[in-house]
Amino acid sequence: MHRKILIGLAVLAFSLLAAAQSQWALQQSTLTYVVTHPLHHIEGVSHAARGKGICQANECEFLIAAPVKSFGSGDSNRDLHMIQAVRGAEYPMVTVRTRIPQSELKSGSIHADLQVQFAGQTANYKQVPFQVTAEGKNLRLTGTIPAKVSDFRLTPPSLLTIPIKNDIPVRVDMLWSPAE
Amino acid sequence: MNPQRIRFVYAVAILAIFIAFPDASRAQATGATLTGTVTGPSGQAVPGAKISVKDVATGKSTPAQSDAAGVYTVPNLAPGDYEISVSADGFSTTTQKVTVAAGASQTLNVTLTSGLSLESLGFPNSQTQANPQEQARLNRRTHMLKVHQTLGLITTAPMLATVITGTFAGGRATSSTNRDLHVGLGSLTAGMYFTTAYFAIAAPKIKGEKTHGPIRLHKALAWIHGPGMVLTPILGALAYQQKSRGEKVHGIANLHGPVAIVTAGAYGLALLSVSIKF
C-alpha cells in the first residue's frame with residue numbers, strides 16, 4: 001500500500017517538474033546595425049528592444065523585438081530615409097525568435113538558429129555564434145547577426161546615387177535576468 | 001384500465017416519442033469520443049492543458065484536462081460540429097474546429113504555439129500596427145529628396161561655371177560676350193537652384209520629426225545660400241546695367257561678386273555636410 005502511494009507521488013512529482021517552466025526577461029540591450037557606403041560608415045543604435053524567454057522541457061524559446069523607429073544613427077534625415085527604405089511604417093517592428101537548450105544558458109559560447117522578421121520578410125540565420133557571460137544571476141549575450149540587405153528583399157538605400165553595401169551586420173549586446 | 005391496455009398505451013407513447021424526436025434517440029445511442037495529445041512547439045507533451053469542447057449547435061461546453069503525457073479524452077459527444085479550445089500556461093490559446101461522427105472515436109492532436117508575442121512583451125498596439133498612410137508619405141518624401149539631391153548635384157556644374165566666368169565679366173577689359181555668357185550661366189544656375197529647393201521645401205513633413213545631426217547644418221546653410229541666390233541676380237543685373245552703360249561697377253552693385261562667392265561657398269558646404277562625415 002505504502003509502495004503504491006510512493007510510486008503515485010513520484011509520478012505526480014515528475015509530472016509537475018515536466019510542466020514547470022522558467023522565464024527570462026531582457027533587462028538591457030544595445031542593438032547596432034552597421035551600414036557601409038563609400039563615403040560613410042554608419043551605425044544605428046537602439047536601446048528600446050524588449051525580450052522574453054520561456055523555458056520548458058529543457059528548451060528555452062526567446063522572442064526579442066524592437067521598433068524600427070527606435071534605431072538612431074545620429075542624423076534625423078538619414079533615420080527617416082532608413083525607415084522609408086525598410087518600410088518601417090508598414091512593418092514597424094523587427095523581431096528575432098530563437099530556441100536555445102536550457103543547459104547551454106551558462107558562461108561560454110553558443111550557436112543559435114535565429115528567425116528574423118523585418119521589413120515584411122523572414123530570414124533565417126543558422127548557427128550564429130554568441131558569447132554568454134554570467135553576471136551574477138543574469139546572463140549577458142553578445143554577438144553579431146550577419147544580416148544582408150538582400151535577405152529582406154530591400155532596395156539598398158543610396159547616397160549621391162551610390163548604393164550602400166549589401167552587408168548590414170547587427171551587433172547584439174543583451175542582458176537577461178531570470179523572471180518570476 | 002387493465003394491465004394489457006396500460007402496456008399498449010405505454011408502447012404507443014414510446015413509439016410516438018421516437019417518431020417525434022428521432023435525433024434525440026440517435027444521440028443517446030451514438031455517443032462519440034474525442035481524444036488527442038496536446039504538445040508544445042517543439043513536440044513536448046503539455047500536461048495540465050485546459051480543454052473546452054463546445055457544441056456549435058447548442059453552445060454547451062464540456063471541459064477536460066490533459067494528463068501527464070499530454071493526452072485528453074472527451075467521451076459521450078453527440079455527432080456534430082465542435083470548437084475545441086486548448087489553453088496552458090506559457091502558451092497561446094488555440095482554437096480548432098472538428099466534426100464528430102456518430103459513434104466514432106475521433107483523434108484531434110493539438111500543437112500549442114509559444115505564448116511569446118509582441119503583446120506579451122508589452123508593446124502597445126499603436127507601436128506595432130502598420131501605418132500605410134505614413135509609409136506613403138515617407139515614400140513620397142524620399143522620392144522628392146532624391147530628386148532634390150540629384151538636381152542639387154547637377155546644379156553645382158553651372159554654379160561653378162558661373163563663378164569662373166564671373167572673373168572675366170567684371171574686370172576692366174571685359175567684353176559683352178563674357179558678360180552675356182556669365183548672365184546665361186547665372187540664369188541657368190538660378191533656375192536649377194530654385195527647382196532643387198522646391199523639391200526639398202515641398203517634400204512631406206513627417207509627424208514628430210525632430211531634426212538633428214548633420215542635416216541641421218545642411219538646413220541652416222540654406223538660410224545663407226537661399227537669400228544669396230535671390231540677391232546675387234539682382235545685384236548682378238545692376239552691375240550688368242552699369243557695365244553696359246560703360247560705367248565702372250559702383251554702389252551696391254559692387255556687392256554682386258562677394259555675395260555670389262558667399263552663396264556658392266554656403267551651397268558647397270551644404271552639399272558636403274550631407275556627403276562627408278565630419
Side-chain angles (χ1 to χ4, degrees), chain A residues 11-12 14-16 18-23 25-26 37 39-42 48-59 61-67 69-70 72-85 87-93 95 97 99 120 157-162, chain B residues 40-49 66-70 88-91 113-118 120-123 126-143 145-146 149-150 152-153 206 208-216 218-219 271 274-277:
Chain A
V11 169
L12 183 68
F14 180 77
S15 315
L16 288 171
Q21 59 170 228
S22 60
Q23 296 197 0
L26 183 61
H37 183 272
L39 296 174
H40 285 275
H41 173 86
I42 299 148
R50 294 181 189 182
K52 205 172 175 181
I54 295 177
C55 302
Q56 269 181 331
N58 193 36
E59 189 176 61
E61 185 185 1
F62 288 90
L63 171 66
I64 304 111
K69 286 182 183 175
S70 68
S73 70
D75 184 87
S76 55
N77 187 52
R78 186 165 52 224
D79 292 338
L80 279 175
H81 190 186
M82 188 276 284
I83 293 167
Q84 184 275 331
R87 296 155 74 194
E90 256 181 301
Y91 302 101
M93 303 297 289
T95 65
R97 282 181 189 272
R99 291 176 195 284
S158 59
L159 175 67
L160 302 175
T161 71
I162 307 165
Chain B
S42 53
Q44 81 277 20
V46 178
S66 62
D67 63 15
D89 287 345
F91 298 97
T113 54
S114 159
L116 292 170
S117 62
L118 289 177
S120 75
L121 296 183
F123 285 108
S126 58
Q127 208 167 6
T128 59
Q129 276 176 348
N131 188 341
Q133 289 84 16
E134 187 173 285
Q135 187 63 47
R137 272 197 302 278
L138 282 165
N139 291 346
R140 185 164 165 72
R141 177 185 181 277
T142 295
H143 171 71
L145 291 183
K146 271 185 180 175
Q149 203 178 78
T150 309
L153 263 179
I206 303 299
E209 178 189 354
K210 285 177 188 167
T211 307
H212 65 268
I215 195 68
R216 280 186 75 175
H218 183 79
K219 285 185 175 180
L271 200 75
V274 287
S275 309
I276 295 167
K277 197 172 184 181

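The chains referred to below are lettered A, B, ... by the order of the sequence lines, with proteins before strands, and numbering in each begins at 1. The structure presented is a predicted model; accordingly, all values stated were derived computationally and were not measured.
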Which heavy-atom pair separates [X] from [Y] by the least distance, and what is that distance?
X: A:Gly74; Y: B:Pro214; value: O-CD, 3.8 Å
X: A:Ala89; Y: B:Leu138; value: CB-CD1, 4.0 Å
X: B:Phe123; Y: A:Ala65; value: CZ-O, 3.4 Å
X: B:Leu121; Y: A:Gly51; value: CD2-C, 3.6 Å

In Å and rounded to the nearest 0.5 Å, what is the [atom1] to [atom2] distance from [X] to [Y]?
X: B:Leu116; Y: A:Ile54; atom1: CG; atom2: CD1; value: 4.0 Å
X: B:Leu118; Y: A:Thr95; atom1: CG; atom2: OG1; value: 6.5 Å
X: B:Lys146; Y: A:Ser158; atom1: NZ; atom2: OG; value: 4.5 Å
X: A:Leu80; Y: B:Thr142; atom1: CG; atom2: OG1; value: 8.0 Å
X: B:Arg137; Y: A:Gln84; atom1: CZ; atom2: CD; value: 13.0 Å
X: B:Ser117; Y: A:Lys52; atom1: OG; atom2: NZ; value: 7.5 Å

Exercise. Assess the side chains of A:Asn77 and B:Arg141: does a donor N or O sit below 3.5 Å from an acceptor N or O?
Key: yes
Quiz item: Does the side chain of A:Glu90 come under 3.5 Å of the side chain of B:Asn131 through a donor N or O and an acceptor N or O?
Solution: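 There is no such pair (donor and acceptor under 3.5 Å, judged by atom type) between the side chains of A:Glu90 and B:Asn131.
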Self-check item: Minimum side-chain heavy-atom gap B:Gln127-A:Pro92 below 4.5 Å
Solution: no
Quiz item: Among B:Ser120, B:Ala136, B:Pro132, B:Gly152, which has the most heavy-atom pairs under 4.5 Å with chain A?
Solution: B:Ser120
Quiz item: Using a cut-off of under 4.5 Å for heavy-atom pairs, which of A:His37, A:Glu59, A:Met93 has the most such pairs with chain B?
Solution: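 Going by pairs under 4.5 Å, I would pick A:Met93.
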Please look at [X] and chain A and tell me whether the side chain, the backbone, both or neither of the residue comes under 4.5 angstrom of a heavy atom of that chain.
X: B:Leu271; answer: neither
X: B:Gln133; answer: neither
X: B:Gln44; answer: side chain

Quiz item: Counting N and O atoms only, with roles assigned by atom type, does the side chain of A:Arg87 sit under 3.5 Å from a partner on the main chain of B:Gln135, one being a donor and the other an acceptor?
Solution: no
Quiz item: So B:His212 and A:Asp79, side chain to side chain contact (heavy atoms under 4.5 Å, CB included) or not? Walk me through it.
Solution: CA-CA 10 Å; B:His212 65 268; A:Asp79 292 338; 4.2 Å; yes
